Chemist: 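Let me begin by handing over the structure; questions about it come next.
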Amino acid sequence: RSKETLSFKQKLFHLSQRAVANKGYLEAVTWSFTDSRIDKQFAQGKKEIEIMNPISSDLNVLRRSIFSNLIIYLKKNQDRGYLDLSLFEIGPIFFGNKPGEQQIVLGGLKSGVVNRKSWDSKARNIDVFDVKADTIRTLTELGIEEDILHISNKSQDYYNPGKSGSVNLKSENGPKLAFFGEIHPAIASSLNLKEKNVCGFEIFL
């Protein structure tokens, strides 16, 4: 008898990975710890989980958001001149230091312009509709019917209000599936991003 093939969690991980990579995002693989100064921009009031003996001062907390490391890597790439970029990561975020006090999140960030170098298509800024489409397509590819997705303009503080939203199952009070939107301009400015036009999404696997 062949041993148990991939578990549901592993299948979901691989399916999510493929779905987002197919949309032109490059995968980042980072530590679960991050820089507290950046992490607190995305923390939404969750308590900080400090690491006792951090390997370095800029990796001193467990991340409370999938964006904490992604945006650091987005910045590193922008600093090297890659302004039009799509990155994603799948991994745990933490709301406590005990086993089980974590959640697996698929996060994506896009910056810059679509068709910057194209001669036959007009260049335009990446916007909330790009990440909304990526979020909804990914959810449907993970097996959820589009007509039971409830989309509202409720979102988190680190997104730009009015240019962001959330996706729940069936109704506004149904299980939370995703957030998407333009990253708040104040965050892009405080991180000194070269290309400040950044949009993202989070899907809670």
Side-chain angles (χ1 to χ4, degrees), residues 12 15-28 38-46 63-71 73-74 84-93 95 102-115 124-191 193 195-205:
L12 191 58
L15 197 58
S16 310
Q17 223 176 5
R18 252 199 327 269
V20 180
N22 285 342
K23 292 169 185 57
Y25 289 76
L26 298 171
E27 187 171 18
I38 291 169
D39 193 54
K40 72 167 187 284
Q41 313 249 23
F42 299 105
Q44 288 289 119
K46 295 200 239 2
R63 65 177 170 206
R64 290 168 284 179
S65 167
I66 198 72
F67 286 153
S68 302
N69 285 336
L70 264 183
I71 208 154
Y73 280 88
L74 189 81
D84 306 328
L85 206 60
S86 299
L87 297 177
F88 81 97
E89 180 169 19
I90 306 174
I93 63 167
F95 36 92
Q102 48 175 274
Q103 184 176 28
I104 302 293
V105 184
L106 160 60
L109 284 176
K110 283 173 103 72
S111 77
V113 164
V114 185
N115 300 328
R124 63 166 182 86
N125 271 352
I126 279 158
D127 63 25
V128 57
F129 300 105
D130 293 311
V131 285
K132 178 184 178 184
D134 288 346
T135 304
I136 289 167
R137 270 202 17 233
T138 302
L139 288 168
T140 58
E141 285 161 15
L142 294 177
I144 302 171
E145 303 284 325
E146 189 168 346
D147 54 12
I148 58 169
L149 297 177
H150 179 86
I151 298 157
S152 73
N153 59 5
K154 273 204 175 114
S155 129
Q156 303 285 52
D157 297 346
Y158 46 84
Y159 289 105
N160 200 352
K163 292 185 177 177
S164 54
S166 60
V167 187
N168 291 58
L169 194 62
K170 293 185 176 169
S171 74
E172 198 168 312
N173 306 318
K176 175 181 71 184
L177 299 176
F179 292 114
F180 61 86
E182 187 182 292
I183 300 297
H184 202 291
I187 293 179
S189 294
S190 78
L191 294 179
L193 294 180
E195 167 57 76
K196 290 187 168 49
N197 181 44
V198 180
C199 291
F201 67 85
E202 302 155 277
I203 294 175
F204 303 99
L205 295 178

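Quick caveat, the model's predicted, so the values are computed rather than measured. For the numbers below, each heavy atom of this structure counts, side chains included, while hydrogens, waters and symmetry mates do not.
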Chemist: For residues Y73 and L87, determine if any side-chain heavy atom of one lies less than 4.5 Å from a side-chain heavy atom of the other.
Modeler: yes
Chemist: Partners of N22 by side chain to side chain contact (heavy atoms under 4.5 Å, CB included), sequence neighbours excluded?
Modeler: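 N22 satisfies side chain to side chain contact (heavy atoms under 4.5 Å, CB included) with no residue once adjacent residues are dropped.
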Chemist: So which atom in F42 and which in S68 form the shortest heavy-atom distance, rounded to 0.1 Å?
Modeler: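 That closest heavy-atom pairing would be CD1-OG, 4.1 Å.
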Chemist: Could you measure the distance from the CG atom of L74 to the CG atom of L191? Nearest 0.5 Å is fine.
Modeler: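 It comes to 9.5 Å.
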Chemist: When you look at I136 and I151, which way does the side chain to side chain contact (heavy atoms under 4.5 Å, CB included) test go after all the steps?
Modeler: CA-CA 10 Å; I136 289 167; I151 298 157; 3.3 Å; yes
Chemist: Tell me if a side-chain donor or acceptor on D127 pairs with a main-chain N or O of D130 at a distance below 3.5 Å.
Modeler: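 Yes: the side chain of D127 pairs with the backbone of D130.
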Chemist: Is a donor on one side and an acceptor on the other found under 3.5 Å between the side chain of N168 and the backbone of G174?
Modeler: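 Checking the backbone N and O of G174 against the side chain of N168, a donor-acceptor pair under 3.5 Å is found.
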Chemist: By the salt bridge (charged side-chain N to carboxylate O under 4.0 Å, His left out) test, which pairs, at least two apart or in different chains, include something from residues 169-187?
Modeler: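 Found K154-E172, K163-E182.
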Chemist: Compare every heavy atom of G107 with every heavy atom of L70, then report the nearest pair and how far apart it is.
Modeler: CD1-O, 3.5 Å
Chemist: Going by the rule side chain to side chain contact (heavy atoms under 4.5 Å, CB included), which residues pair with N153 if we only count those two or more places apart in sequence or in a different chain?
Modeler: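 Not a single residue meets the side chain to side chain contact (heavy atoms under 4.5 Å, CB included) criterion with N153.
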Chemist: Give a yes or no answer on whether the side chain of N125 reaches the backbone of V113 with a donor-acceptor pair at less than 3.5 Å.
Modeler: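 Judged by distance alone, no pair lies under 3.5 Å.
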Chemist: Kindly state each residue pair satisfying salt bridge (charged side-chain N to carboxylate O under 4.0 Å, His left out) with at least one member in residues 142-151, sequence neighbours excluded.
Modeler: none
Chemist: Considering only heavy atoms from C-beta outward, does the side chain of D157 approach that of H184 to under 4.5 Å?
Modeler: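 SC-SC contact between D157 and H184 ruled out.
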Chemist: Mind jotting down which residue pairs meet the side-chain hydrogen bond (donor to acceptor under 3.5 Å, both in side chains) criterion with at least one end in residues 196-205? Sequence neighbours excluded, please.
Modeler: Y158-E202, Y159-E202
Chemist: Given side chain to side chain contact (heavy atoms under 4.5 Å, CB included), test N69 with R63 step by step and report yes or no.
Modeler: CA-CA 8 Å; N69 285 336; R63 65 177 170 206; 3.6 Å; yes
Chemist: Could I get the full list of side-chain hydrogen bond (donor to acceptor under 3.5 Å, both in side chains) partners for S65, not counting sequence neighbours?
Modeler: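 Not a single residue meets the side-chain hydrogen bond (donor to acceptor under 3.5 Å, both in side chains) criterion with S65.
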Chemist: Among all residues two or more places apart in sequence or in another chain, which pass the ring-ring contact (aromatic ring centres under 6.0 Å, His included) test with F129?
Modeler: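 Listed in chain order: nothing, the list is empty.
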Chemist: Out of curiosity, I183 CD1 to C199 SG, how far, rounded to the nearest 0.5 Å?
Modeler: 7.5 Å
Chemist: Any non-hydrogen side-chain atom of F201 less than 4.5 Å from a side-chain atom of V20?
Modeler: yes
Chemist: Could you tell me which non-hydrogen atom of G112 sits nearest to which non-hydrogen atom of D84, and how far apart they are?
Modeler: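 That closest heavy-atom pairing would be CA-OD1, 3.5 Å.
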Chemist: Can you find a heavy atom in the side chain of E27 that is under 4.5 Å from one in the side chain of Q17?
Modeler: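 Answer yes - side chains close enough.
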Chemist: Any side-chain hydrogen bond (donor to acceptor under 3.5 Å, both in side chains) pairs touching residues 103-114, not counting sequence neighbours?
Modeler: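 Pairs touching residues 103-114 that pass the test: Q78-S111, S86-K110.
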Chemist: Just by distance, do the side chain of R64 and the backbone of K46 share a donor-acceptor pair under 3.5 Å?
Modeler: yes
Chemist: With the side chain counted from C-beta on, respond yes when I187 and F67 share a heavy-atom pair under 4.5 Å apart, and no when they do not.
Modeler: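 Result no, sub-4.5 Å side-chain heavy-atom pair not found.
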Chemist: Roughly how far, to the nearest 0.5 Å, is CD1 of I148 from OG1 of T140?
Modeler: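 So the OG1 of T140 and the CD1 of I148 are separated by 11.5 Å.
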Chemist: With sequence neighbours excluded, tell me which residues meet side-chain hydrogen bond (donor to acceptor under 3.5 Å, both in side chains) with S190.
Modeler: Q41
Chemist: Using the test side chain to side chain contact (heavy atoms under 4.5 Å, CB included), find all partners of L205 that sit at least two apart in sequence or belong to another chain.
Modeler: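 Once residues adjacent in sequence are excluded, the partners of L205 under the side chain to side chain contact (heavy atoms under 4.5 Å, CB included) criterion are L12, S16, I90, I104, L106, L142, I203.
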Chemist: Are the side chains of V128 and F180 in touch, meaning some heavy atoms are under 4.5 Å apart?
Modeler: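 They are in contact (side-chain heavy atoms under 4.5 Å apart), so the answer is yes.
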Chemist: Where do S152 and S166 land on the side-chain hydrogen bond (donor to acceptor under 3.5 Å, both in side chains) test, with the steps shown first?
Modeler: CA-CA 5 Å; S152 73; S166 60; 3.2 Å; yes
Chemist: Taking side chain to side chain contact (heavy atoms under 4.5 Å, CB included) as the test, write out the residues that go with K23, two or more places apart.
Modeler: A19, Y25, D134, R137, T138, E141
